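Worksheet: the structure to be examined is printed underneath.
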Number of protein chains: 2
Amino acid sequence: MPKRGKGDRYHHGDLRTALVDTAIELIDERGVRQFSMAEASRRLGVAVSAPYAHFASRDDLLAAVAVRGYEVFHAESQAEMARAKAPVDRLAAMTRAYIRFAGTHRPLFEVLFDSGLDKQRYPELKAAEQPISDAFADCVEALTDSEASADDLAEAVEATAHGHALFLLDGKYGQGADAIELAAERAAGGTRALVDGRHRLGG
Amino acid sequence: MPKRGKGDRYHHGDLRTALVDTAIELIDERGVRQFSMAEASRRLGVAVSAPYAHFASRDDLLAAVAVRGYEVFHAESQAEMARAKAPVDRLAAMTRAYIRFAGTHRPLFEVLFDSGLDKQRYPELKAAEQPISDAFADCVEALTDSEASADDLAEAVEATAHGHALFLLDGKYGQGADAIELAAERAAGGTRALVDGRHRLGG
DNA sequence: GTCTATATCCCGATAGAC
DNA sequence: GTCTATCGGGATATAGAC
């Protein structure tokens with residue numbers, strides 16, 4: 001185990017990984033907006049300049065965190081979807097996974113959706129997002145006739161999931177595991193309702 | 001008209017109002033997170049200490065902006081709703097107003113939903129929000145049987161509206177007035193679909 | 001790869017003069 | 001109510017030694 005703790009230094013050669021881990025820790029405690037390279041350095045007991053040997057900027061570090069976020073969400077949503085067969089159930093499962101991801105990996109969710117990171121500047125981010133978009137598109141297309149109505153449904157479901165996720169993080173469902181499950185059920189219910197009423201979406 | 005411009009000072013005695021206006025300007029340009037008292041002072045040509053004669057802290061100033069936000073949204077949503085009679089249409093109108101508010105008063109929307117302001121600490125904020133909550137609750141209750149199902153529908157509609165608003169501000173519908181109207185129609189359609197499928201919400 | 005040290009900039013907030 | 005001046009803190013990022 002690498003040394004940690006007050007006064008210790010961090011000389012084991014995996015500062016890069018440690019920085020990503022510590023960033024997630026700090027974001028969990030204070031939010032992305034307050035995250036700083038300097039504080040990460042202090043927590044790890046290294047000089048404020050040390051991180052710059054591994055990441056050219058704060059945004060570069062956040063991008064690395066974001067990639068991990070996409071990977072985690074993809075894995076978890078795939079697992080959740082595997083248990084459902086009908087397209088509407090798979091879509092509801094993905095919604096549920098979205099909420100659970102937001103609730104259980106709040107710092108990752110924040111980096112993905114509230115960090116102000118310019119995702120266009122980081123090709124690895126777009127690459128990490130792609131398989132998720134594909135899986136989502138598959139679900140939606142199985143439920144709609146035309147491409148236009150697929151887009152409508154996709155956006156409606158995304159918006160509902162995202163809205164519920166934000167409300168969850170804002171404390172509107174309370175705190176803890178119960179809040180997460182409540183939000184997940186509400187969002188899944190919203191998805192089912194949208195699928196049910198999807199012919200009203202366009203007009 | 002008060003003097004403005006490079007090198008001018010701001011000695012006309014309505015610095016308080018000017019600060020609120022300038023805050024909105026700056027938030028429009030850089031986002032709430034980047035807003036600072038210091039920059040507002042610079043823009044107005046006053047000393048960095050001058051604002052503190054009117055607002056005890058940055059948060060106090062943001063709270064004043066937030067109150068204006070609630071007032072504007074309430075006025076606009078009432079106007080939008082006045083043109084509809086059927087409850088479902090009134091609810092869709094409110095959703096549309098929400099999106100248009102986000103799109104046309106982005107800085108106010110940001111202060112309300114992305115400033116990190118602790119609304120509990122400012123009673124005037126809760127007071128300004130109340131009439132909006134009431135109007136919304138009226139719409140929803142006209143569409144549901146039980147109190148429980150009213151809550152479900154209310155949260156689903158709120159989440160959808162909020163999600164679409166954030167996507168709009170994130171550029172997912174493009175830029176400009178067309179993007180706003182597209183998002184508003186999508187959100188209104190989502191609301192109608194949710195009303196239509198509302199019996200699927202609970203289970 | 002990590003260090004020390006530093007340059008440069010930002011911020012919120014306060015004290016005391018006018 | 002506004003000023004000047006300042007305290008005390010924060011940040012990103014770089015230079016050069018080890």
Side-chain angles (χ1 to χ4, degrees), chain A residues 2-23 25-27 29-65 111 115-118 121-122, chain B residues 2-23 25-27 29-66 110-111 115-118 121-122:
Chain A
K3 292 181 195 135
R4 295 287 288 277
K6 209 158 198 167
D8 284 353
R9 296 299 164 80
Y10 199 90
H11 273 170
H12 60 68
D14 202 9
L15 182 56
R16 180 174 227 279
T17 304
L19 279 166
V20 173
D21 292 342
T22 300
E25 259 182 44
L26 288 172
I27 292 165
E29 294 168 18
R30 295 183 185 277
V32 220
R33 309 171 190 183
Q34 304 300 328
F35 170 75
S36 73
M37 298 289 257
E39 194 170 359
S41 306
R42 278 195 297 274
R43 170 121 354 156
L44 286 168
V46 300
V48 292
S49 60
Y52 292 92
H54 301 274
F55 298 99
S57 70
R58 175 180 183 274
D59 275 5
D60 277 19
L61 171 51
L62 288 181
V65 176
V111 170
S115 66
L117 198 62
D118 181 1
R121 283 191 47 199
Y122 295 91
Chain B
K3 290 182 196 133
R4 294 287 286 279
K6 210 157 198 166
D8 284 355
R9 295 299 165 81
Y10 199 92
H11 272 167
H12 60 67
D14 201 7
L15 182 56
R16 179 174 228 280
T17 304
L19 279 166
V20 173
D21 292 341
T22 301
E25 259 182 43
L26 288 172
I27 292 164
E29 295 168 19
R30 298 183 183 275
V32 219
R33 310 171 189 182
Q34 304 300 328
F35 170 75
S36 74
M37 298 290 259
E39 194 170 359
S41 304
R42 278 195 298 274
R43 169 116 2 152
L44 286 168
V46 299
V48 292
S49 59
Y52 292 92
H54 301 275
F55 298 99
S57 70
R58 176 182 183 273
D59 276 5
D60 277 20
L61 171 51
L62 288 180
V65 176
E110 274 190 46
V111 171
S115 66
L117 199 61
D118 182 2
R121 283 192 47 199
Y122 295 91

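Keep in mind that what you see is a predicted model, and the values were worked out from it rather than measured. Each chain gets a letter, A, B and so on, in the order its sequence line appears, and its residues count up from 1.
- A 4.5 Å side-chain heavy-atom check between A/Thr22 and A/Phe35 finds every atom pair outside the cut-off.
- In terms of the side-chain contact (heavy atoms from CB on, under 4.5 Å) criterion, residue partners of B/Asp21 (sequence neighbours excluded) are, by chain and number, B/Thr17, B/Arg68.
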Would you list the protein and nucleotides 9-13 of chain C atom pairs, both N or O, that sit under 3.5 Å from each other?
{"from": "C/dC11", "atom 1": "OP1", "to": "B/Ser36", "atom 2": "OG", "distance (Å)": "2.8"}
{"from": "C/dC11", "atom 1": "OP2", "to": "B/Arg42", "atom 2": "NH1", "distance (Å)": "3.2"}
{"from": "C/dC11", "atom 1": "OP2", "to": "B/Arg42", "atom 2": "NH2", "distance (Å)": "3.3"}
{"from": "C/dG12", "atom 1": "OP1", "to": "B/Met37", "atom 2": "N", "distance (Å)": "3.2"}
{"from": "C/dG12", "atom 1": "OP2", "to": "B/Met37", "atom 2": "N", "distance (Å)": "3.0"}
{"from": "C/dG12", "atom 1": "OP2", "to": "B/Ala38", "atom 2": "N", "distance (Å)": "3.1"}
{"from": "C/dA13", "atom 1": "OP2", "to": "B/Tyr52", "atom 2": "OH", "distance (Å)": "3.2"}
{"from": "C/dA13", "atom 1": "OP2", "to": "B/Arg58", "atom 2": "N", "distance (Å)": "3.1"}

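- Residue contacts for B/Ala53: at a heavy-atom cut-off of 4.0 Å it reaches a base atom on one of the strands shown.
- Remark: A/Tyr122 engages A/Asp60 in a side chain to side chain donor-acceptor pair (under 3.5 Å) (not counting sequence neighbours).
- Not counting sequence neighbours, the partners of A/Ala38 by the side-chain contact (heavy atoms from CB on, under 4.5 Å) test are A/Ser36, A/Arg42, A/Val48.
- The separation between B/Phe55 atom CZ and D/dG1 atom C1' is 14 Å, rounded to whole Å.
- When the C1' atom of D/dA11 is taken as reference, atom CG of A/Leu62 falls 14 Å away, rounded to whole Å.
- The interatomic distance linking B/Arg16 (CZ) with D/dT2 (C1') rounds to 16 Å, in whole Å.
- Rounded to whole Å, the distance from CG on B/Leu44 to C1' on D/dC3 is 15 Å.
- Nucleic acid contact for B/Ala50: sugar-phosphate only, since backbone atoms but no base atoms lie under 4.0 Å from a heavy atom of the residue.
- Legend: residues meeting side-chain contact (heavy atoms from CB on, under 4.5 Å) with B/Gln34, ordered by chain and number and at least two apart, are B/Arg30.
- Take A/Ser49 and apply the side-chain contact (heavy atoms from CB on, under 4.5 Å) test, not counting sequence neighbours, and it matches A/Ala47.
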